[in-house]
Q: 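Structure below; questions to follow.
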Amino acid sequence: MKKCILVCAGDFEPMDLRKEDGDCIIAVDNGLTYLTQMGVLPDYCLGDFDSLLPEGRRVLEEIRREDPSRIVTLPVAKDDTDTMAAVRFGLKLGYLRFDLYGTLGGARIAHTLANLQVLNFIKNNGGQGYLMDTNQMLFLIRNETREFHEGFAGRFSMFAVEPKITGVTIHGMKYEIEDVVLTNDFPIGCSNEIEAGKRASVTVGNGTALVVVGWDN
């Protein structure tokens, strides 16, 4: 599936973004600085650019001179966060998978929480979003089964988003469960383990869960 890659203004370390044919990269505000430092030119630049550092601003002005249609300038005072606006833009372009970088960590925890709600917005619009970091990934599971390939090993946690989710089953991990109920006031799903060589899977029969998968670099 083609994907929309958003590089946002939160904590970010250089990494391989793995752009393939049909993919789109959007620099969200100071995400343009991060992309510039990696030598990656985005397809679009979007934001109010209030946090854009001089290095990124120089590239923004170059793009503005060469092809201003690739720049979407937002007002500072608005209902959407820059990330939410970028997701709306990507949906209009026809994308349903979103890989969001620079969306975790930092002193402004409110933005991390906002980005978790962005995942829910993507899900509500028929898509799938991932908050990506160098050693972890966050995504939502809703009324579905997700499998992990046998070569993957790492940490796995899941948390009920709604007051109660049912039909929760975990196979192929250190702690397995079968058709149980999870609630959003008891974090029993924290810190499971996926072992290499096992075909791990998680199912949520009814409801939405936040999944956090971590690995060692």
Side-chain angles (χ1 to χ4, degrees), residues 1-78 80-119 121-122 125 127-139 212-217:
M1 176 186 293
K2 65 179 183 177
K3 59 185 179 292
C4 186
I5 301 169
L6 307 186
V7 179
C8 304
D11 284 0
F12 182 83
E13 294 182 23
M15 63 184 75
D16 181 7
L17 297 182
R18 300 182 183 180
K19 182 181 180 183
E20 300 174 354
D21 289 344
D23 291 349
C24 175
I25 296 180
I26 301 177
V28 183
D29 208 275
N30 196 52
L32 180 57
T33 300
Y34 300 146
L35 287 170
T36 299
Q37 292 169 350
M38 294 190 298
V40 176
L41 195 63
D43 297 290
Y44 297 96
C45 303
L46 181 147
D48 54 31
F49 305 117
D50 63 342
S51 65
L52 188 57
L53 296 177
E55 188 175 4
R57 193 167 297 281
R58 173 182 56 79
V59 174
L60 181 70
E61 294 308 316
E62 291 177 0
I63 296 174
R64 194 188 305 277
R65 288 193 297 269
E66 295 174 4
D67 188 358
S69 67
R70 292 166 54 196
I71 298 177
V72 180
T73 303
L74 306 175
V76 175
K78 57 188 180 299
D80 283 350
T81 62
D82 287 349
T83 302
M84 176 65 104
V87 166
R88 291 186 193 274
F89 185 76
L91 287 168
K92 289 181 179 179
L93 293 176
Y95 290 92
L96 289 176
R97 170 168 171 164
F98 292 82
D99 290 358
L100 294 85
Y101 296 85
T103 51
L104 298 169
R108 300 179 68 181
I109 191 172
H111 280 278
T112 299
L113 296 175
N115 292 329
L116 293 175
Q117 291 193 327
V118 169
L119 289 183
F121 175 80
I122 295 171
N125 283 272
Q128 181 68 54
Y130 300 87
L131 304 186
M132 308 290 293
D133 206 343
T134 54
N135 60 357
Q136 63 181 337
M137 173 176 63
L138 286 69
F139 58 95
V212 183
V213 177
W215 56 87
D216 297 324
N217 291 326

Q: Does a side-chain heavy-atom distance below 4.5 Å link Leu104 with Asp11?
A: no
Q: So which heavy atom on Cys4 is nearest to which on Gly90, and how close?
A: SG-CA, 4.2 Å
Q: Return the minimal non-hydrogen interatomic distance between Trp215 and Asp133, and the atom names on each side.
A: CZ2-O, 4.1 Å
Q: Within 45° of the ring axis of Tyr95 and under 6.0 Å from its six-membered ring centre, is that where the NZ or CZ of Lys3 lies?
A: no
Q: Count the heavy atoms of every other residue, nucleotide or ligand shown that sit under 6.0 Å from CD of Glu13, and state whether that count exceeds 12.
A: no
Q: Does a side-chain N-to-carboxylate-O contact under 4.0 Å join Arg18 and Asp16?
A: yes
Q: Which atoms form the tightest heavy-atom contact between Ile5 and Leu17, and what is the distance?
A: CD1-O, 3.6 Å
Q: Side chain to side chain contact (heavy atoms under 4.5 Å, CB included), that's the test. Do Leu91 and Phe121 meet it? Break it down for me.
A: CA-CA 11 Å; Leu91 287 168; Phe121 175 80; 3.7 Å; yes
Q: If you define the side chain from C-beta out and look only at heavy atoms, does anything of Leu116 sit under 4.5 Å from Leu113?
A: yes
Q: Looking only at heavy atoms, which two atoms of Tyr34 and Gly10 are closest? And how far apart?
A: OH-O, 2.8 Å
Q: Roughly how far apart are Leu32 CG and Leu53 CG, rounded to 0.5 Å?
A: 10.0 Å
Q: Decide yes or no for Met38 and Leu35: does some side-chain heavy atom of the first lie under 4.5 Å from some side-chain heavy atom of the second?
A: yes
Q: Tell me, with the steps shown, if Tyr101 and Leu6 meet side chain to side chain contact (heavy atoms under 4.5 Å, CB included).
A: CA-CA 6 Å; Tyr101 296 85; Leu6 307 186; over 6 Å; no
Q: Can you check whether Ser51's main-chain N or O pairs, donor with acceptor, with Asp29's side chain at less than 3.5 Å?
A: yes
Q: In Å and rounded to the nearest 0.5 Å, what is the CG to CZ distance from Leu52 to Arg57?
A: 4.5 Å
Q: For Pro75, is there any backbone N or O sitting under 3.5 Å from a side-chain donor or acceptor partner on Lys78?
A: yes
Q: If only side-chain N and O atoms count, and only distance matters, is there a donor-acceptor pair under 3.5 Å linking Asn115 with Thr112?
A: no
Q: Kindly write out the residues that satisfy salt bridge (charged side-chain N to carboxylate O under 4.0 Å, His left out) with Glu61, not counting sequence neighbours, or none if the list is empty.
A: Arg64
Q: Under 4.5 Å between any side-chain heavy atoms of Pro42 and Val7, yes or no?
A: no
Q: Please report the interatomic distance CG(Leu46) to OG1(Thr73), rounded to the nearest 0.5 Å.
A: 8.0 Å
Q: Decide side chain to side chain contact (heavy atoms under 4.5 Å, CB included) for Leu60 and Phe49; before the verdict, give the C-alpha distance in whole Å, the side-chain angles of both, and the deciding distance to 0.1 Å.
A: CA-CA 10 Å; Leu60 181 70; Phe49 305 117; 4.0 Å; yes
Q: In a check of side chain to side chain contact (heavy atoms under 4.5 Å, CB included) between Phe139 and each of Val213, Val212, Leu131, which one passes?
A: Val213
Q: Counting C-beta onward and ignoring hydrogens, is there a side-chain heavy-atom pair between Met132 and Phe12 closer than 4.5 Å?
A: no
Q: Could you tell me whether a side-chain N or O of Asn30 sits under 3.5 Å from a main-chain N or O of Gly56, the two making a donor and an acceptor?
A: no
Q: Would you check if Asp216 and Asn135 make a side-chain contact, meaning some heavy-atom pair closer than 4.5 Å?
A: no
Q: Go through Phe98 and Tyr130 one step at a time and tell me if the ring-ring contact (aromatic ring centres under 6.0 Å, His included) criterion holds.
A: CA-CA 6 Å; Phe98 292 82; Tyr130 300 87; over 10 Å; no
Q: Take Leu93 and Tyr44, measure what side chain to side chain contact (heavy atoms under 4.5 Å, CB included) needs, and give me the verdict at the end.
A: CA-CA 11 Å; Leu93 293 176; Tyr44 297 96; 3.8 Å; yes
Q: Taking the side chain as everything from C-beta on, heavy atoms only, tell me whether Cys45 gets closer than 4.5 Å to Val72.
A: no
Q: Of all the heavy-atom pairs spanning Ile122 and Gly129, show the shortest one and how long it is.
A: CG2-N, 3.7 Å
Q: Just wondering, do Arg70 and Asp43 contact through their side chains at under 4.5 Å, heavy atoms?
A: no
Q: Say you draw a straight line from CD1 of Ile25 to NZ of Lys19; how long is it, rounded to the nearest 0.5 Å?
A: 5.0 Å
Q: Of all the heavy-atom pairs spanning Val28 and Thr83, show the shortest one and how long it is.
A: CG1-N, 4.0 Å
Q: Run the salt-bridge test on Asp23 and Arg97 with the 4.0 Å N-O cut-off and return the result as yes or no.
A: no
